[in-house]
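Being a predicted model, the structure only gives us computed values, none of them experimental.
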Amino acid sequence: MLAFDSAVKRFGPVAALDGCTFGVRPGRITGFLGPNGAGKTTAMRAVFGLVRLDAGAVSWQGAPITGAERARFGYMPEERGLYPRMRVREQLLYLGQLCGRTNSDVGRIADRWLERLGLADRAADRVDTLSHGNQQRVQLIAALVNEPELLVLDEPFSGLDPIAMAAMADLLAELAAAGATVLFSSHQLDLVEDLCEDVVIIDHGRVVLAGDLTDLRAAVPQRFVDIRYRGPSPVRR
Ligand SMILES: Nc1ncnc2c1ncn2[C@@H]1O[C@H](COP(=O)(O)OP(=O)(O)OP(=O)(O)O)[C@@H](O)[C@H]1O
């Protein structure tokens with residue numbers, strides 16, 4: 001389990017995380033929601049040591065996260081992080097080796113995902129010759145080349161067409177079913193509702209709602225509000 005315990009991170013006067021506490025359970029997909037600037041990216045970066053918390057902690061399996069553990073995690077950062085002029089497969093091999101995996105090991109895993117995501121015929125192409133959606137697929141594979149126990153994805157669905165979104169959703173469901181812990185942020189509420197078992201909603205760096213989506217739905221039986229307006233149309237013609 002990935003756990004945030006009273007995590008605090010300040011940037012000058014801004015509290016990006018302000019006592020943020022939640023858990024991400026293994027074998028499940030957790031959707032991480034919140035308005036722009038809520039603190040989602042900051043929380044995800046804290047898992048990888050890319051921001052240093054001012055107070056509180058983030059832990060994995062009950063212990064502080066070390067570099068050795070991070071090498072077994074997968075991360076798709078919001079700003080993405082591929083070398084544009086490197087060839088797709090070559091880049092995946094390089095990134096996998098940085099995680100301490102052997103060349104043949106990474107090659108086998110990368111080839112499987114390239115095939116699965118319809119990119120086998122682009123393996124020898126430079127990344128910057130691929131479309132945005134295909135670069136995003138490569139970025140996902142980069143997060144998977146070390147067969148991660150924990151997968152943290154910052155807005156992985158943004159900019160994808162419906163077919164690519166469905167392929168990504170299937171893949172995440174499959175990884176979680178195989179035991180991986182999956183946390184992803186999104187602004188697409190319908191997608192989160194369809195795909196996730198758990199949700200965490202934060203605002204101003206604090207958790208406002210967290211838990212099993214089915215339980216949360218049951219606690220709020222009224223899901224739609226019917227608003228009727230009487231009077232002249234407010235729309236000017
Ligand atoms: N490196 C930084 N320097 C200064 N302020 C930062 C930095 N990183 C984040 N912040 C601020 O911290 C707050 C939280 O930002 P963060 O990117 O974590 O939010 P978010 O929930 O991921 O937003 P979005 O949905 O827009 O991606 C924002 O007010 C942001 O401006």
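Minimum interatomic distance between Gly74 and Pro148 (heavy atoms only, all atoms of both residues): N-CB, 3.3 Å. Here the closest heavy-atom approach between residue Leu216 and residue Gly211 is recorded as CD1-O, 3.8 Å. In terms of heavy atoms, Pro64 sits closest to Ser59 at N-CB, 4.4 Å. Heavy atoms only, all atoms of each residue included: Gly19 and Val8 are closest at N-CG2, 3.6 Å. Of all heavy-atom pairs between Gln136 and Phe157, the closest is NE2-C, 4.1 Å.
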>> With side-chain contact (heavy atoms from CB on, under 4.5 Å) as the criterion, how do Ile65 and Leu2 come out once you've worked through the C-alpha distance, each side chain's angles and the decisive distance to 0.1 Å?
In response: CA-CA 9 Å; Ile65 298 171; Leu2 176 72; 4.0 Å; yes
>> Is there a side-chain contact (heavy atoms from CB on, under 4.5 Å) between Leu140 and Trp113? Walk through the geometry before answering.
In response: CA-CA 9 Å; Leu140 176 66; Trp113 288 120; over 6 Å; no
> Does the pair Val138 and Gln91 meet the rule for a side-chain contact (heavy atoms from CB on, under 4.5 Å), with working shown?
Replying inline: CA-CA 9 Å; Val138 177; Gln91 173 145 198; 5.7 Å; no
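Note on Leu50 and Leu98: separate hydrophobic clusters, where clusters join Ile, Leu, Val, Met, Phe, Trp and Tyr whose side-chain heavy atoms are under 4.5 Å apart, directly or indirectly. Clustering ILVMFWY residues whenever any of their side-chain heavy atoms sit less than 4.5 angstrom apart, transitively, puts Val182 in the very cluster that holds Met165. Hydrophobic clustering (side-chain heavy atoms under 4.5 Å, transitive across Ile, Leu, Val, Met, Phe, Trp, Tyr) keeps Phe48 apart from Val145. Put simply, Leu183 and Leu17 are part of the same group of oily side chains (I, L, V, M, F, W, Y) that touch within less than 4.5 Å, one to the next. Val199 and Met168 fall within the same hydrophobic cluster, where Ile, Leu, Val, Met, Phe, Trp and Tyr residues are linked whenever their side-chain heavy atoms come under 4.5 Å apart, directly or through other members.
A side-chain contact (heavy atoms from CB on, under 4.5 Å) with Phe184 holds for exactly one of Val192, Leu151, Thr30; it is Val192. Applying salt bridge (Lys or Arg N to Asp or Glu O under 4.0 Å) to Asp18 and the options Lys9, Arg206, Arg10 leaves one that passes, Arg206.
A distance-only check finds no donor-acceptor pair linking the side chain of Asp154 to the backbone of Ser185 [under 3.5 Å]. No side-chain donor-acceptor contact under 3.5 Å links Glu155 to the backbone of His187. The closest donor-acceptor contact from the side chain of Glu197 to the backbone of Leu213 lies at 3.5 Å or more, if one exists at all. Under the 3.5 Å distance criterion, the side-chain polar atoms of Asn134 are left unmatched by any main-chain donor or acceptor of Leu119.
With rounding to the nearest 0.5 angstrom, the CG atom of Leu92 is 9.0 Å from the CE atom of Met86. Within the model, atoms CG of Leu189 and CG of Asp194 stand 11.0 Å from one another, a figure rounded to the nearest 0.5 Å. Taking CD1 of Ile29 as the reference point, atom OG1 of Thr181 lies at 11.0 Å (rounded to 0.5 Å). Here Leu153 contributes atom CG and Phe32 contributes atom CZ; the two are 12.5 Å apart, rounded to the nearest 0.5 Å. One distance of note links CD1 of Ile202 with CG of Leu33; it measures 9.5 Å at 0.5 Å rounding. Here the CG-CD distance, from Leu93 to Gln97, works out to 6.0 Å after rounding to the nearest 0.5 Å.
Ala16 meets the side-chain contact (heavy atoms from CB on, under 4.5 Å) test with Phe11, Thr42; sequence neighbours excluded.
Note: Phe22 and Phe4 have parallel aromatic rings, judged against thresholds of 30 and 60 degrees for the angle between ring planes.
For residues 25-52, the salt bridge (Lys or Arg N to Asp or Glu O under 4.0 Å) pairs, not counting sequence neighbours, are Arg25-Asp198, Arg28-Asp198, Arg28-Asp212, Arg45-Glu79. The salt bridge (Lys or Arg N to Asp or Glu O under 4.0 Å) analysis of residues 54-73, with sequence neighbours excluded, yields the pairs Arg72-Glu149.
In this structure, Arg108 places its CZ atom where more than 12 heavy-atom neighbours from other residues, nucleotides or ligands lie under 6.0 Å away. Applying the 6.0 Å contact sphere to CD of Glu115 captures no more than 12 heavy atoms from other residues, nucleotides or ligands.
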